[in-house]
Peer 1: 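Below is a structure I'd like to ask you about.
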2 protein chains.
Amino acid sequence: MHSAEETEEPGGYQPWSEVTPDAARRLLVAAVDAFAERGYHATTTRDIASRAGMSPAALYIHYRTKEELLHRISRIGHDKALEILSTAADGPGGAAERLAAAVRSFVRWHAAHHTTARVVQYELEALGPEHRAEIVALRRESDAAVRRILAEGVEAGDFDVPDVPGTTLAVLSLCIDVARWFNTAGRRSPEEVGELYADLVLRMVGARQK
Amino acid sequence: MHSAEETEEPGGYQPWSEVTPDAARRLLVAAVDAFAERGYHATTTRDIASRAGMSPAALYIHYRTKEELLHRISRIGHDKALEILSTAADGPGGAAERLAAAVRSFVRWHAAHHTTARVVQYELEALGPEHRAEIVALRRESDAAVRRILAEGVEAGDFDVPDVPGTTLAVLSLCIDVARWFNTAGRRSPEEVGELYADLVLRMVGARQK
DNA sequence: CCGGAGGGTGAGCAAGCGCTTAGGCGTGCT
DNA sequence: AGCACGCCTAAGCGCTTGCTCACCCTCCGG
């Protein structure tokens with residue numbers, strides 16, 4: 001089984017561990033929940049603070065603005081997403097295995113942490129110009145990681161992909177959009193969705209059957 | 001060539017023609033632009049009115065609330081999307097041809113009208129409960145249309161799809177997400193993206209090569 | 001020539017927003 | 001003991017928000 005969720009996270013595993021002090025982390029987790037539920041603009045600082053069990057003013061001890069809170073969430077989430085993708089891209093095995101591993105773990109993350117992922121992937125436009133630019137650069141790296149696997153697979157003759165940049169876009173788009181629909185529909189586990197999507201993507205790139 | 005866009009629409013073709021009177025339509029078009037650019041919650045009624053060249057109060061002559069404006073947009077957009085899908089699903093030809101036609105036209109619409117599509121697909125949660133329920137029902141019909149094509153293709157032996165509901169979800173997700181990234185990236189035409197995606201989807205369902 | 005209806009405006013209200021300020025309370029170093 | 005420091009709160013400021021209200025055009029049938 002894969003555990004109930006009070007806010008989102010299963011049992012022992014603790015993300016956001018890089019955020020200190022404790023009160024700052026509680027505020028950040030509260031903000032993730034609120035942003036995911038209502039969207040950035042519809043969320044008030046009072047709502048975030050009260051979810052964290054604090055007064056509205058407490059937020060400004062740890063963060064300068066509401067936007068900085070979103071930026072911190074977005075930054076940490078994109079770092080994690082990029083780490084997942086490039087770990088798989090630089091892993092062992094042929095292009096097909098690496099692509100399947102990348103999609104599997106990327107999708108699994110988006111499904112298991114769909115609350116976080118929703119904020120990370122769909123609230124970009126609420127960031128200020130400089131913060132947005134920083135995040136967009138990270139996303140280009142994610143794109144490059146996937147494109148590299150596709151290009152290598154094509155060169156090795158493992159894949160049949162007429163349009164590498166376009167297919168890269170489609171693969172990432174497919175994975176990212178999991179955050180939008182997951183758990184609003186059926187009762188698939190993140191692992192099942194990851195498995196399904198890995199298979200679908202291998203078909204998209206025309207991977208040779210082993 | 002496919003024409004510059006002042007707000008969004010190419011030359012002669014006029015959507016929103018079902019919206020009358022004229023001032024109501026201008027307000028609605030202004031709202032689509034504003035919602036797509038900044039999101040529903042970040043858009044003010046003053047912004048919508050001034051884009052339509054009117055005073056803030058004019059909005060309330062034609063719509064009771066800001067939410068009603070979003071609902072009208074969402075309703076018209078979903079009607080159109082469903083019409084596109086079910087026309088293709090009920091069209092002539094085998095499952096593969098109908099699936100390709102559905103994806104091609106559905107994606108083309110999302111790309112060409114990505115401004116509208118963005119609002120229609122990504123601002124659902126800003127709707128009130130009853131309005132949201134109405135829209136969700138329409139989306140289930142879209143899902144059913146695609147699922148029907150897949151099921152028929154599998155039965156006829158044209159497709160190889162282990163998980164029909166899951167693959168249906170993935171296909172729709174892939175198409176819808178076009179509205180998010182289109183035109184923020186490269187200079188592909190809606191037709192090119194539609195063609196690419198139709199091919200990718202045929203691969204996803206393991207369609208027999210003709 | 002009039003009167004009323006539909007479409008529009010300027011001013012503004014009550015509420016809620018992001019954020020600040022002045023101050024309090026506990027804890028650990030000197 | 002004294003006190004600086006980190007963390008937190010109550011109160012509230014200035015502004016913007018969705019929306020309303022009293023009033024004014026312009027057109028058109030009788």
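Naming convention: chains lettered A, B, ... in sequence-line order (proteins, then strands); numbering from 1 in each chain.
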Peer 1: Can you give each donor-acceptor pair under 3.5 Å made by side-chain atoms of residues 144-154 of chain B, sequence neighbours left out, with the distance rounded to 0.1 Å?
Peer 2:
| from | atom 1 | to | atom 2 | distance (Å) |
| --- | --- | --- | --- | --- |
| R147(B) | NH2 | D143(B) | OD2 | 2.4 |
| R148(B) | NH2 | D90(B) | OD1 | 2.7 |
| E152(B) | OE1 | R98(B) | NH2 | 2.5 |

Peer 1: In residues 64-71 of chain A, which residues come under 4.0 Å of DNA chain C by heavy atom?
Peer 2: T65(A), K66(A)
Peer 1: Determine, for R38(B) against E125(A), whether the closest basic-nitrogen to carboxylate-oxygen distance falls under 4.0 angstrom.
Peer 2: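 Judged by the 4.0 Å cut-off on N to carboxylate O distance, R38(B) and E125(A) do not form a salt bridge.
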Peer 1: Examine dC8(D): is either OP1 or OP2 under 4.0 Å from a nitrogen or oxygen in the side chain of H62(A)? Give yes or no.
Peer 2: yes
Peer 1: Heavy-atom distance under 4.5 Å between the side chains of L174(A) and M204(A), does that happen here?
Peer 2: yes
Peer 1: Please enumerate all residues that pass ring-ring contact (aromatic ring centres under 6.0 Å, His included) together with H71(B), with sequence neighbours excluded.
Peer 2: H131(B)
Peer 1: Sequence neighbours left out, what pairs pass salt bridge (Lys or Arg N to Asp or Glu O under 4.0 Å) with at least one residue falling in residues 102-116 of chain B?
Peer 2: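 Counting only pairs at least two positions apart or across chains, the salt bridge (Lys or Arg N to Asp or Glu O under 4.0 Å) contacts touching residues 102-116 of chain B are R104(B)-E195(B).
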Peer 1: Roughly how many Å is it from CG in L27(A) to C1' in dG6(D), rounded to a whole number?
Peer 2: 15 Å
Peer 1: Can you tell me how far P of dG6(C) sits from CG of L59(B), to the nearest Å?
Peer 2: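 Roughly 19 Å, once rounded to whole Å.
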Peer 1: Distance only, no hydrogens: is a donor on one side chain within 3.5 Å (strictly under) of an acceptor on the other, for Q121(B) and H110(B)?
Peer 2: yes
Peer 1: Round to a whole Å and report the spacing from CD1 of I48(B) to P of dG18(D).
Peer 2: 8 Å
Peer 1: Using atom OH of Y60(A) as one end and atom C1' of dA22(C) as the other, report the distance to the nearest whole Å.
Peer 2: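 From Y60(A) OH to dA22(C) C1': 18 Å.
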Peer 1: For D47(A) and dC19(C), what is the distance between atoms CG and P respectively, to the nearest whole Å?
Peer 2: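 Result: 15 Å.
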Peer 1: Between the protein and nucleotides 9-13 of chain D, list every N/O to N/O distance that falls short of 3.5 Å.
Peer 2:
| from | atom 1 | to | atom 2 | distance (Å) |
| --- | --- | --- | --- | --- |
| dT9(D) | OP1 | S55(A) | N | 3.4 |
| dT9(D) | OP2 | S55(A) | N | 2.8 |
| dT9(D) | OP2 | S55(A) | OG | 3.0 |

Peer 1: For Y40(A), what residues pass the ring-ring contact (aromatic ring centres under 6.0 Å, His included) criterion, not counting sequence neighbours?
Peer 2: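 Listed in chain order: F35(A).
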Peer 1: Thinking salt bridges, do R188(B) and E192(B) make one under a 4.0 Å N-O criterion?
Peer 2: no
